[in-house]
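Quick notes on the structure that follows.
For ligands, and for the atoms within them, numbers begin at 1 and follow the listed sequence. In what follows, residues are counted from 1 in the order of the sequence shown.
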Amino acid sequence: MDTKIIGMDEENIDMQAIELAGSIIKSGGLVAFPTETVYGLGGDALNSSSSKKIYAAKGRPSDNPLIIHIVEMSALSKIVRKIPKAAYQLAERYWPGPLTMIFEKAECVPLETTGGLDTVAVRMPSNQIAREFIRASGGYVAAPSANRSGRPSPTIAKYVIEDLAGRIDMIIDGGQADIGLESTIIDLTGSEPVILRPGYITEEMLRQVIGDVEADQTIMEEHTSQAPKAPGMKYKHYAPRGNLIIVEGEAEAVSAYINERLSAFRKEGKRTGVIATDETVASYLADSVKSAGERGQEEQAAKCLFRILREFDDEKIEVIYAEGFRQKGVGQAVMNRLLKAAGHQVIRL
Ligand code: TXA
Ligand code: MG
């Protein structure tokens, strides 16, 4: 399949290309598009054959449900059975934006879109290209992250092209994603709201609006008796090809430990990498040392983490050490993705 690639700017949207993208979706095709979190792989959410195509293009297990992207509150009432009060409150504060809410699904939403579940995940993105594209597509776009299953979510179009060119109809290149990590997911179908995936909208930010929220136990821990409630969270994720190990502890001890290990690996002829911070980036001896921004500025790490993981693959790095991040605010989402990428290998000094 020939994949059209069209670039545009959020401030200068190419409406002709958007109309074309919309007509592709309406006729059952697939288009990758930018959002403020990560790039999405879009198809018509109300067309079961489009959802099947999404799973095939990603190589994704079909029991892993998709998020439906909308632009207006009126669209929400069409695809869910009821809208709890908490959803109105959260939408008022955080939509459009990086928050996904889970509802009981309405009849018109095919089970292919929800991975067989009778609940449905819904998000209203804020990126203007995404919004125009969803409008042009009829208002209901199912979109997982636009990566091949298991790989880090793409934050720039280059990685969408790498994973999906030749497998989908069109890719809209809208530059770098602002946030860099996928949306926060909150389940509103139970007696208490539960966070299923941490993101830029933090637990504290949710509490400010709706009071008590729980966090799914499987978010930060590896071995729990529970299965994750977001089916996607059980799959191996984000892993770079190299072996990634997180080291936590006092800053100087961490860099001393990592340097010692690096020197051992270099002697074995292994290609080494480090995920450091601006403060420590000069202190490491490795084939590739990358800073995830200033220490304590977890938004910066959120923005570049997935790109860094992909760059290590491009550079054929075999062993990667990462400094740990504070699990405060968006740092919780950063550590959630880093822990998954590392297969929960953590050394605590
Ligand atoms: O920021 C984002 O959310 C991005 C952009 C493109 O919007 N999308 C995204 O989609 O990250 P995806 O498919 O990569 O991740 C969706 C997650 C999966 O872990 C899935 O299992 C969970 O949401 N999910 C979807 N529907 C669900 C449902 N009904 N119940 C529980 N979890 C659900
Ligand atoms: Mg994904």
* Asked: Run the side-chain contact (heavy atoms from CB on, under 4.5 Å) check on R295 and T280 step by step: do they pass?
  -> CA-CA 9 Å; R295 184 132 295 269; T280 58; 5.6 Å; no
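With no hydrogens or angles considered, a side-chain donor-acceptor pair links E315 and S288 at under 3.5 Å. A donor-acceptor contact under 3.5 angstrom links the side chains of T100 and S183, judged on distance only. A donor-acceptor pair shorter than 3.5 Å can be found between the side chains of T35 and R123. Counted by atom type alone, E252 and Y257 present zero donor-acceptor pairs between their side chains at under 3.5 Å.
In terms of polar-atom proximity, defined here as any N/O pair under 3.5 Å, R60 does make such a contact with ligand 1. Looking at ligand 1, you won't find any N or O of T35 less than 3.5 Å from one of its N or O atoms. In terms of N/O distances under 3.5 Å, ligand 1 is approached by R197.
Taking every non-hydrogen atom of T119 and a distance limit under 4.0 Å, the qualifying atoms of ligand 1 come out as 28 (C), 29 (N), 30 (N). Residue I102 approaches ligand 1 through these ligand atoms, each under 4.0 Å from one of its heavy atoms: 27 (C), 28 (C), 29 (N), 30 (N), 31 (C), 32 (N), 33 (C). Atoms of ligand 1 lying under 4.0 Å from at least one heavy atom of P65, given by number and element, are 20 (C), 21 (O), 24 (N), 25 (C), 26 (N), 27 (C), 28 (C), 33 (C). Near H69, meaning under 4.0 Å from one of its heavy atoms, ligand 1 places the atoms 5 (C), 6 (C), 7 (O). Heavy-atom proximity to G40, at under 4.0 Å, picks out these atoms of ligand 1: 6 (C).
Using a cut-off of 4.0 Å between Lys/Arg side-chain N and Asp/Glu carboxylate O, E311 and R307 are scored as salt-bridged.
By the 4.0 Å heavy-atom criterion, I67 is counted among the residues contacting ligand 1.
Heavy atoms from both the backbone and the side chain of S183 come within less than 4.0 Å of ligand 1. At a 4.0 Å heavy-atom cut-off, ligand 1 touches I185 through the side chain alone. Within the 4.0 Å heavy-atom criterion, the part of L117 lying near ligand 1 is the side chain and not the backbone.
Atom NZ of residue K78 and atom CG of residue L46 lie 5.5 Å apart, to the nearest 0.5 angstrom.
The aromatic rings of Y321 and F265 sit tilted, their planes meeting at an angle between 30° and 60°.
With a cut-off of 2.8 Å, the Mg ion (ligand 2) has no N, O or S atom of S149 in range.
For the pair K290 and F312, the cation-pi criterion (under 6.0 Å, within 45° of the ring axis) is fulfilled.
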